[in-house]
*Asks:* 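The structure's right below; bear with me while I get my questions together.
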Amino acid sequence: MRQTQHFIPTLKENPTEAQIPSHQLMLRSGLVRGLASGVFSFLPMGYTVIKKIINILREEMEAIGGQEFLLPALNPIEIWEQTGRVEAMGDVLFHIKNREGLVLAPTHEEIITYHAKQHVKSYRDMPQIWYQIQTKFRNEARPKSGVLRGRQFTMKDAYSLDTTWEGLDEAYQRHYDAYCKIFNRCGIKFFVVGASSGAMGGKKSQEFMVESNSGEDICAITDNYAANLEVATSQVQPVARINENLLIEEFATPNAKTIDDLIEQFNIPEERCAKSVVYMVNDEPWLILMRGNDELNETKLQAVAGTNNIRPAGNDELVKYTGADHGSIGPVGLKGNIKVVADLLLQDANGMVSGANKDGFHLKNIDLKRDANISEYIDLRTINEGEICIADGQPLRVVKAIELGHIFKLGTRYSEALDAKFIDADGNLNPIIMGSYGIGVERIMACYIEQNHDEKGIIWNKALAPFFVHLLGLNIHKSDEVRAASEKLYADFKAAGIEVLFDDREETAGVKFNDADLLGLPYQVVVGQKNLKDGNVEVKNRKTDERFVISINEVVKELTFRD
RNA sequence: CGGAGCAUAGCGCAGCCCGGUAGCGCACAUCGUUCGGGACGAUGGGGUCGCAGGUUCAAAUCCUGUUGCUCCGACCA
């Protein structure tokens, strides 16, 4: 492709709206342009990269027996009502204003299940893997980070249909393996974490994550362990019981509002402090007891409570249920009817200090077994950087991550809701057992760039690069020799089946070099007067910055065998 | 949805406080010089200052409203 005939609008400066490297570089290198918040146009180079990603997705999905569909984005709302997801999705689901009864599909479990119900009637019709690569619409409350969170995006979504749970396990595992291959082929460093299923419903799910400061998820990882912080645990010694078991005693703490105040003013070891926080769970008060300054993990609390409807109690509620303001709350002598749960680390602890439920006073020598009415000990704490991993004893790293893919064992939630049943070998009617597997296509592109760039621009690998070779004709408009040599090389590369972008613009050398580094094609082949007089060209490897001079007659062959 | 910020030429910005005919850099066009790491000079084109009201002799500037974009938070398959 000749650059003079290809639309590649590069920018020298970062547009202000772009805050993260991938967004900045996608704009600067002319891959995308924003159209509205969370809505992007892909320019020819950007779309070329998307097509490369899609080819990889398609090959690996076909390799596990996937059959490609193209399903409509316009969906009848009735189907979504039948699965309860109109309500579950809430504002995220786009509704069509001037055509009642249609919504824009944010994902396609419902439509797949609808077609399965129509035609998959016998156990002989399964297993099936159905997939598509299609535009999804989600009315995100806050689109951000370029294409990483958009209102319209491309997703590879796949669905497995099985007759047995073992069949689902196998389909799930195949997708797991395929996803690893896909991300490896794309050259993305990733890890897999167990995750909560959210509004999708289902039994088990795992997320494929990419470590990135631009990520929205937080994970705890070592070389052998990875978990979303929402579920991560670590090896921390529980608060031990001490021998002397003194009687509970109230003491005045007029200036101690926090655990740190207590530690400082009364010389109490941090682990002997029990911090109390009050949450309203479905509008019922829970007092949650945490060790010292451990932080409550709200997602763990939600899991225990079985609801997302939790919030910290307000001041009025604190006084109403405990008798004190924050700072003096504890598990003993509560005023109202309130459920008390405690973190696992506090199991049966004694000799503890906590609030007296009386402003300005605390209690010491609390024995949680003797003095408090703890209904449950549960893991509720947020782990911290550096704590010891339960799997391999290494210190945990707490990192931000981007979710690239998500695989779910859905089970029968959708097949039951939409009555998609099959007849088994014994003549019985059973719901189809389903799995659902998604990958964000634009996210692959953005994550790759997040991981592979430097101060000059993007560093593409062969798999995703829009072109493999960037042929730079220096001062091509001023030198007939350079013109002739680079035209010939351009033809030779094309004849050899090497994807080549030919910078035949009338620009200065510096502009071409800088644009080439910005676009980041794997190899730059520089045709200039300097080397041409000896019949040579210079080759630069964008990733390693390796440069070498080679005969113009050898360079095509040389690059044919490179990655 | 809560909190904050921004909106002036394709991009990056100044001007606004203190109202008086809209500027700078890059990019773009033409000419000359330069010619392997974002060249130099000259000349030129391009903006109803997000939009709508209001105040005023006069509004980019002051007031009110509104829309869009970004960030923090909430939410998120």
*Asks:* Residues two or more places apart in sequence or in another chain: which of them pass ring-ring contact (aromatic ring centres under 6.0 Å, His included) with F493(A)?
*Replies:*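 None.
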*Asks:* Please state how far atom CD in E140(A) lies from atom P in G73(B), giving the value in whole angstrom units.
*Replies:* 16 Å
*Asks:* Watson-Crick or G-U wobble partner for A4(B), using a 3.5 Å limit on both distances?
*Replies:* U70(B)
*Asks:* Run K540(A) and D545(A) through salt bridge (charged side-chain N to carboxylate O under 4.0 Å, His left out) and show every step you take.
*Replies:* CA-CA 6 Å; K540(A) 171 179 158 180; D545(A) 205 36; 3.6 Å; yes
*Asks:* Donor-acceptor pair, Q524(A) side chain versus R542(A) backbone, under 3.5 Å?
*Replies:* no
*Asks:* For A22(B) versus U61(B), give the span between their C1' atoms, rounded off to a whole number of Å.
*Replies:*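 About 12 Å, rounded to a whole number of Å.
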*Asks:* Report the distance from atom CG of D515(A) to atom P of A39(B), rounded to the nearest whole Å.
*Replies:* 11 Å
*Asks:* Suppose you measure atom P in G45(B) against the same atom in U8(B); what distance do you get, rounded to whole Å?
*Replies:* 23 Å
*Asks:* Judged by each residue's nearest nucleotide on RNA chain B, which is more toward the 5′ side, E17(A) or E216(A)?
*Replies:*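 Residue closer to the 5' terminus by nearest nucleotide: E17(A).
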*Asks:* Might you confirm whether atom CZ of F69(A) has over 12 heavy atoms from other residues, nucleotides or ligands at distances under 6.0 Å?
*Replies:* yes
*Asks:* Now, which nucleotide makes the Watson-Crick or G-U wobble pair with A9(B), with each of the two distances under 3.5 Å?
*Replies:*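 Base partner found: none.
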*Asks:* For H108(A), check side-chain hydrogen bond (donor to acceptor under 3.5 Å, both in side chains) against everything at least two apart and list the hits.
*Replies:*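 H108(A): side-chain hydrogen bond (donor to acceptor under 3.5 Å, both in side chains) contacts with Q132(A), K136(A).
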*Asks:* Using a 4.0 Å heavy-atom cut-off to protein, can you give one letter per nucleotide of nucleotides 22-27 of chain B, 5' to 3': B if the base is in contact, S if only the sugar-phosphate is, - if neither?
*Replies:* ---BSS
*Asks:* Under a 3.5 Å cut-off for both distances, is A29(B) Watson-Crick or wobble paired, and to whom?
*Replies:*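 With both distances under 3.5 Å, A29(B) matches U43(B).
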*Asks:* For H470(A) and Q3(A), does a side-chain donor sit closer than 3.5 Å to a side-chain acceptor?
*Replies:* yes
*Asks:* Is the number of heavy atoms from other residues, nucleotides or ligands under 6.0 Å of Y47(A) OH greater than 12?
*Replies:* no
*Asks:* How many whole angstroms separate atom CG of L472(A) from atom C1' of G38(B)?
*Replies:*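 In whole Å, G38(B) C1' lies 14 Å from L472(A) CG.
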*Asks:* Need the pair for C17(B). Rule: Watson-Crick or G-U wobble, both distances under 3.5 Å, any strand; none if unpaired.
*Replies:*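 By the stated definition (distances under 3.5 Å), nothing pairs with C17(B).
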*Asks:* Indicate the atoms forming the closest heavy-atom contact of T83(A) with Y414(A), along with that distance.
*Replies:* CG2-CD2, 3.8 Å
*Asks:* Sticking with atom P, work out how far C24(B) lies from C75(B), rounded to a whole angstrom.
*Replies:*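 Straight-line distance between the two P atoms is 49 Å.
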*Asks:* For F94(A) and C76(B), what is the distance between atoms CZ and C1' respectively, to the nearest whole Å?
*Replies:* 14 Å
*Asks:* Under the side-chain hydrogen bond (donor to acceptor under 3.5 Å, both in side chains) test, which residues partner D162(A), sequence neighbours left out?
*Replies:* none
*Asks:* Measure all distances between protein nitrogen or oxygen atoms and nitrogen or oxygen atoms of nucleotides 34-37 of chain B, and list the pairs falling under 3.5 Å.
*Replies:*
unit_1, atom_1, unit_2, atom_2, d
U34(B), O4, K478(A), NZ, 2.6
C35(B), O2', N475(A), ND2, 2.9
C35(B), O2, N475(A), OD1, 2.5
C35(B), N3, K478(A), NZ, 2.9
C35(B), N4, K478(A), NZ, 3.1
G36(B), OP2, N475(A), ND2, 2.4
G36(B), O6, N531(A), N, 3.4
G36(B), O6, N531(A), ND2, 3.1
G36(B), N1, N531(A), ND2, 3.2
G36(B), N2, E538(A), OE1, 2.4
G36(B), N2, E538(A), OE2, 3.3
G37(B), O6, R547(A), NH1, 3.0
G37(B), N1, D517(A), OD2, 3.2
G37(B), N2, K456(A), NZ, 2.9
G37(B), N2, D517(A), OD2, 2.3

*Asks:* Select base, sugar-phosphate, or nothing to describe what K136(A) touches, counting heavy atoms under 4.0 Å on all strands.
*Replies:*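 Nothing: the residue K136(A), judged by heavy atoms under 4.0 Å, touches no strand.
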*Asks:* Within residues 24-36 of chain A, find the residues that approach RNA chain B with a heavy atom at under 4.0 Å, and present them sorted by residue number.
*Replies:* R28(A), A36(A)
*Asks:* Less than 6.0 angstrom separating the ring centers of Y159(A) and H115(A), yes or no?
*Replies:*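 When the ring centroids of Y159(A) and H115(A) are compared, they turn out to be at least 6.0 Å apart.
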*Asks:* Who does C35(B) pair with, Watson-Crick or G-U, both distances under 3.5 Å?
*Replies:* none
*Asks:* In terms of the angle between their ring planes, are H6(A) and F467(A) parallel, tilted or perpendicular, with boundaries placed at 30° and 60°?
*Replies:*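 Geometry flag for F467(A) against H6(A): perpendicular rings.
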*Asks:* Taking distance alone, no hydrogens or angles, what donor-acceptor pairs closer than 3.5 Å link side-chain atoms of residues 209-216 of chain A to residues at least two apart or in another chain?
*Replies:*
unit_1, atom_1, unit_2, atom_2, d
E211(A), OE1, R397(A), NH2, 3.2
E211(A), OE2, R397(A), NH2, 2.7
S212(A), OG, S214(A), N, 2.9
S214(A), OG, E450(A), OE1, 3.1
E216(A), OE1, R149(A), NE, 2.9
E216(A), OE1, R149(A), NH2, 3.0
E216(A), OE2, R149(A), NE, 3.2

*Asks:* Show each protein N/O and nucleotides 2-9 of chain B N/O combination with a separation under 3.5 Å, one pair to a line.
*Replies:*
none

*Asks:* So, OP1 or OP2 of G12(B): does either fall under 4.0 Å of a side-chain N or O from T16(A)?
*Replies:* yes
*Asks:* Which residue pairs pass the salt bridge (Lys or Arg N to Asp or Glu O under 4.0 Å) test with at least one member in residues 518-534 of chain A, sequence neighbours excluded?
*Replies:*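 As it turns out, there is no salt bridge (Lys or Arg N to Asp or Glu O under 4.0 Å) pair with a partner in residues 518-534 of chain A once direct neighbours are skipped.
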*Asks:* If we count only N and O atoms by modelled type, under 3.5 Å, do the side chains of D169(A) and Q173(A) hold a donor and an acceptor together?
*Replies:* no
*Asks:* Roughly how far apart, to the nearest Å, are A42(B) and G37(B) at atom P?
*Replies:*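 It comes out at 24 Å once rounded to the nearest Å.
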*Asks:* Tell me whether the count of non-hydrogen atoms from other residues, nucleotides or ligands lying under 6.0 Å of CD in E416(A) goes above 12.
*Replies:* yes
*Asks:* Of the residues in residues 150-161 of chain A, which ones touch RNA chain B at a heavy-atom distance under 4.0 Å?
*Replies:*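 Going residue by residue through residues 150-161 of chain A, the ones with a heavy atom under 4.0 Å of RNA chain B turn out to be F153(A), M155(A).
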*Asks:* Looking only at atom P, what distance separates C51(B) and A4(B), rounded to whole Å?
*Replies:* 25 Å
*Asks:* On a whole-Å scale, what distance lies between the P atoms belonging to G3(B) and G19(B)?
*Replies:* 32 Å
*Asks:* What integer number of Å spans the P atoms of G10(B) and G47(B)?
*Replies:*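 So the two P atoms sit 9 Å from each other.
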*Asks:* State which residues pass salt bridge (Lys or Arg N to Asp or Glu O under 4.0 Å) with D294(A); sequence neighbours excluded, sorted by chain then number.
*Replies:*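 If we apply the salt bridge (Lys or Arg N to Asp or Glu O under 4.0 Å) test to D294(A), skipping adjacent residues, the hits are R291(A), R381(A).
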*Asks:* Which nucleotide, if any, forms a Watson-Crick or G-U wobble pair with A52(B), using both distances under 3.5 Å?
*Replies:*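 Here A52(B) is engaged in a pair, and the nucleotide opposite it is U64(B).
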*Asks:* I'd like to check the salt bridge (Lys or Arg N to Asp or Glu O under 4.0 Å) partners of E558(A); sequence neighbours left out, ordered by chain and number.
*Replies:* R562(A)
*Asks:* Could you measure between the two P atoms, the one in C69(B) and the one in G32(B), and give it in whole Å?
*Replies:*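 Their P atoms lie roughly 46 Å apart.
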*Asks:* Taking pairing as Watson-Crick or G-U wobble with both contacts under 3.5 Å, can you name the mate of C76(B), or confirm there isn't one?
*Replies:* none
*Asks:* Whether R413(A) and E109(A) form a salt bridge (side-chain N of Lys/Arg under 4.0 Å from carboxylate O of Asp/Glu) is what I want to check.
*Replies:* no
